[in-house]
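Worksheet: the structure to be examined is printed underneath.
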Amino acid sequence: MASASSGLAAKLTSLSKNNFLSSSDLNSNQILSLFELAKELKVGNRRIDLGNRVLGLIFKKASTRTRVSFQVAMARLGGQTVDLNPQITQLGRGEPIKDTARVLSRYCDALAIRTFSQQELEEYAKWSTIPVINALTDLEHPCQALADYLTIQENFGDLKGINLSYIGDGNNVANSLMICGAMLGVNVKICSPVGYEADFEIIEKAKSLSEFGSKISICNDPLDAVKGAQVIYTDVWASMGQEEEQVKRKEIFEKYKVDQKLVEFAHEEVIIMHCLPAHRGEEITEEVLEGQNSHVFDQAENRLHVQQALLAVQLGGL
Ligand code: CP
Ligand code: NVA
C-alpha cells in the first residue's frame, strides 16, 4: 500500500501548483493517476488533510454542482472556500483582473473561476501566483470531462476503444470531452446541426493529442452517430449566455433530442450521460434521463471525488 501510494504521488507531483485551464493541461498518465486517487478518496481508502487551505470561488455564472462540489471537496481536505462573487467584490465595479488576481493570490491558495471567455480565465492565470482552475468557460469545462471519463471508466473498465457519441450543441462540454477523450483513447463523435458544430481549432487540437488509436469525428446525423455507441452524451441546446437563442435553437435542434427511439440504435449496453442541469423534453426525454441506463447522478457525484483529487495534488497534499 505504501509503495502504491508513493507511486501515485510520483506520477502526480508534476501537477503541483499547476493551472488547470484546459483539458489539455493534463496528459493521459496524469489523468489516469488522478482517477486512481479519486477512487481511493471515494471509497475512503485515503484521507488527505491540507490544513486550512483556502480556495477562492469567482463565479460569474450560476452553478450548483461545480460550486458545491468544490466547497465539499475543500471541506473534506481540511480547508475551506471563500465566495468571491463579482457582484460583491470590487471586480463588479471594474477593478482590473491583474490587480484582483495579485491581491487574491496573497490570501488564497487556489482560485476556481467560472466565466464567459477563456481569455479572461487566462488573464487571471497570468497574474495569479496560485493555481487557477477552469470551473467552466464558454470554450471548455475540463473538470466536467474528468468526472465524466471517471464515470465511464467505472462502468467499462478500460477506456481505450470506447465509443462515445455526443448529440447536440458543439459547446464547452463537447470541447472538453473531445480533448480529454482523445488523450484517453476514447472514440469521440460529436453530432450537431449544421452551423452548431464544435470549435474547429478544438477538433484539430483533440486530433493532435489523440492517443491509443482514439478517433475524433464530427457529423450531423444522430441516427448514424449513435450506431455502436457505448455512451450517449448530451447537454442543453442553449448554454448560459445564449438564453436569447433558446427559442430558435429549440426548432433547429429538434432532431437531436435523445429519446428512447434514438437510444435503441446504440450498443445494447449503452450508458446515458448529461452534465446537468437538463431540460427535460428538449435535449433529452424524461424517460431516458430517468431510465435504467442513465448515469447522470454518478457523473454529478464524481465531480466531487475528481476535483478533491485535483485540489489535493495542486495544493501539494500528496
Ligand atoms: N455540470 C455543471 O457544471 O453543473 P453546474 O452548472 O450546476 O455547476
Ligand atoms: N453547456 C452548459 C453546461 C452547463 C454545466 C453551459 O455552459 O451552460
Side-chain angles (χ1 to χ4, degrees), residues 20-23 38 55-74 81 83-85 111-121 133-152 164 166-180 188 190-193 196-199 202 231-246 248-250 252-253 256-258 272-280 282-284 289 294-308 310-311:
F20 186 47
L21 308 182
S22 161
S23 287
L55 172 70
L57 300 176
I58 303 177
F59 277 47
K60 276 198 178 174
K61 296 178 177 179
S63 171
T64 298
R65 279 144 289 268
T66 310
R67 179 187 291 280
V68 179
S69 55
F70 271 123
Q71 288 171 326
V72 174
M74 281 306 284
T81 53
D83 249 323
L84 302 165
N85 182 336
L111 294 174
I113 301 176
R114 171 168 285 201
T115 190
F116 294 86
S117 83
Q118 184 78 11
Q119 288 79 358
E120 186 180 317
L121 179 78
I133 301 168
N134 183 344
L136 180 147
T137 62
D138 291 345
L139 191 69
E140 276 205 56
H141 198 1
C143 293
Q144 180 71 51
L146 288 180
D148 297 339
Y149 285 114
L150 171 60
T151 310
I152 296 169
L164 181 152
Y166 173 100
I167 311 293
D169 186 29
N171 62 16
N172 43 11
V173 169
N175 287 342
S176 286
L177 281 173
M178 268 193 293
I179 299 175
C180 195
V188 183
I190 307 289
C191 179
S192 317
Y196 294 86
E197 289 96 348
D199 186 285
I202 298 275
V231 181
I232 295 179
Y233 198 120
T234 190
D235 183 17
V236 290
W237 292 336
S239 285
M240 290 180 278
Q242 297 172 330
E243 287 77 7
E244 75 290 351
E245 291 180 41
Q246 187 122 22
K248 179 177 141 206
R249 281 174 177 248
K250 254 171 106 165
I252 295 170
F253 280 79
Y256 295 79
K257 188 190 295 291
V258 175
I272 307 299
M273 300 183 79
H274 191 308
C275 58
L276 302 179
H279 288 176
R280 286 166 162 83
E282 292 187 23
E283 75 276 4
I284 191 164
L289 189 77
S294 172
H295 286 261
V296 299
F297 297 106
D298 299 330
Q299 287 174 258
E301 179 185 339
N302 279 336
R303 297 292 306 276
L304 166 62
H305 306 302
V306 87
Q307 287 161 207
Q308 190 180 341
L310 179 72
L311 287 165

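Only a predicted model underlies this, so the values are computations on that prediction, with no experimental measurement involved. Every number for a ligand or one of its atoms is a count from 1 in the order of the listing.
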Student check: side-chain heavy atoms of Asn171 and Asp235 closer than 4.5 Å: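 Sidechains of Asp235 and Asn171: in contact.
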ring-ring contact (aromatic ring centres under 6.0 Å, His included) partners of Tyr233, counting only residues at least two apart: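 Partners of Tyr233 by the ring-ring contact (aromatic ring centres under 6.0 Å, His included) criterion, ordered by chain and then number, come out as Tyr166.
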Return the set of residues passing salt bridge (charged side-chain N to carboxylate O under 4.0 Å, His left out) with Arg65 (not counting sequence neighbours), or none when no residue passes.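 Salt bridge (charged side-chain N to carboxylate O under 4.0 Å, His left out) list for Arg65, sorted by chain: empty.
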Taking only residues two or more places apart in sequence or in another chain, which ones pass salt bridge (charged side-chain N to carboxylate O under 4.0 Å, His left out) with Glu301?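 Per chain and number, Glu301 pairs via salt bridge (charged side-chain N to carboxylate O under 4.0 Å, His left out) with no residue.
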Can you sort out which atoms of ligand 2 are near [X], meaning under 4.0 Å from one of its heavy atoms?
X	value
Asn172	1 (N), 2 (C), 6 (C), 7 (O)
Asn171	1 (N)
Leu276	5 (C)
Leu136	3 (C), 4 (C), 5 (C), 7 (O)

Regarding Asp148 and Gln299, do their side chains bring together a donor and an acceptor under 3.5 Å, going by distance alone?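 Side chains of Asp148 and Gln299: pair found under 3.5 Å.
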State which residue, out of His274, Lys257, Met273, fulfils the side chain to side chain contact (heavy atoms under 4.5 Å, CB included) condition with Ile284.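 Among His274, Lys257, Met273, the one meeting side chain to side chain contact (heavy atoms under 4.5 Å, CB included) with Ile284 is His274.
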Which segment of Thr66 sits under 4.0 Å of ligand 2 when only heavy atoms are counted: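 None of Thr66 does.
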Nearest heavy atoms of Val173 and Cys275, plus distance in Å: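 Reported closest heavy-atom pair: CG2-SG, 3.9 Å.
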Is the distance between the ring centroids of Tyr196 and Tyr256 under 6.0 Å?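 No; Tyr256 has its ring centre 6.0 Å or more from that of Tyr196.
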When you measure from atom 8 (O) of ligand 2 to every protein heavy atom, which one gives the shortest distance, and what is it?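 Result: Met240 N, 2.8 Å.
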I need the contact residues for ligand 1: any residue with a non-hydrogen atom closer than 4.0 Å to the ligand, ordered by chain then number.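 The answer is Ser63, Thr64, Arg65, Thr66, Arg114, His141, Gln144, Cys275, Leu276, Arg303, counting any residue whose heavy atom sits under 4.0 Å from ligand 1.
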